[in-house]
Amino acid sequence: MDNMKNNSSTTDWFLQYPVMSTLRPSYPRGPWHYKDMHQLIVTYESTAEAVRAVVPRPLEPAEGNRVTIEWRNMTEVSGFGPYVEIGHSVACTFEGKPVIYVFQAFLNSESPTLAGREILGFPKRHGEPELKTIRETLTGTLCYGGTQVALATMPYRAVDLSDRLTEIEQELQTTQLVLKLLPDVDNHTPKVAQLVKVNLYDVHLKGAWAGPAELFMIPHAGCPVAALPVVRVLEGRQHLWDMTLSDGEVVYDYLEAERR
Ligand SMILES: CC(=O)CC(=O)O
């Protein structure tokens, strides 16, 4: 690195901003501050077989085959601007502690998709998620190339959970893990294979609501949102909150474990 500091101009941009493309980087360097994020979360029970199929060891699925699918309306984000994201996760344990493993995500904006994939290893893909209040119903949808593949609904702010904000704020900070996977340039050898903990900062929950929820997902070869089928819906929630994202931590390195 010292050599690089002393020499050529090509390294100046690297030290300043190590993100492709160099002429106009695809995303701004964080931290990214999220304000007034509206979230619809549906927690459901899936099948043991489907859950096991998406959970990489050494993670273990938690009791009950609990899966969450959540819509996040990012109304105000520094650097990225507004966008909508769906995260699909499984409740797991890692080293005996509860964690959330995010196994797929769909976004409608390129910049946070690339930042999430390249830096943290978020399994983000392009889709057309929407979160809207239609009549009295909060409605989350996902279209993939124009074809609708998911629909989640719940009454808008029906049951106020103001008396549980501290507890729910803690829940929101349950360790979130993603699997960062990158091949080497030979297009074959794994270069990065890591479980990454996504750090959340400055979490501030401003409102939370519960209520009955419905979830419908359609099998689609290109967008496997229905790969974890709904056995029964357990809970619907809405949150309004702020947070900051910036970095992560490697909690398990598969390539290093193999070398040992
Ligand atoms: C950088 C990110 O990974 C942002 C997000 O979760 O949308």
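Sequential numbering from 1 along the given sequence is applied to the chain's residues. Just so it is clear, the model here is predicted, and its values are computed rather than measured. Atoms within each ligand, like the ligands themselves, are counted from 1 in listed order.
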N-O pairing of [X] and [Y] below 4.0 Å:
{"X": "Glu167", "Y": "Arg164", "value": "yes"}
{"X": "Arg66", "Y": "Glu63", "value": "no"}
{"X": "Glu171", "Y": "Arg237", "value": "yes"}

Proximal ligand 1 atoms for [X], defined as those under 4.0 Å from one of its heavy atoms:
{"X": "Lys124", "answer": "2 (C), 3 (O), 4 (C), 5 (C), 6 (O), 7 (O)"}
{"X": "Leu245", "answer": "2 (C), 4 (C), 5 (C), 6 (O)"}
{"X": "Tyr83", "answer": "4 (C), 5 (C), 7 (O)"}
{"X": "Phe122", "answer": "3 (O)"}
{"X": "Tyr34", "answer": "4 (C), 5 (C), 7 (O)"}
{"X": "Trp32", "answer": "1 (C)"}

Just heavy atoms, cut-off under 4.0 Å: does Ile119 contact ligand 1 by side chain, backbone, both, or neither? neither

Measure up the His88 and Tyr44 rings against each other and bin them: parallel (under 30°), tilted (30 to 60°), perpendicular (over 60°).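 If you compare the ring of His88 with that of Tyr44, the planes turn out tilted.
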
Anything under 30° is parallel, anything over 60° is perpendicular, the rest tilted; go ahead and classify Tyr27 against Trp32. perpendicular

Within the supplied structure, the quantity of interest is the number of heavy atoms (other residues, nucleotides, ligands) at a distance under 6.0 Å from Gln173 CD; does it exceed 12?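 Enclosed: over 12 neighbouring heavy atoms sit under 6.0 Å from CD of Gln173.
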
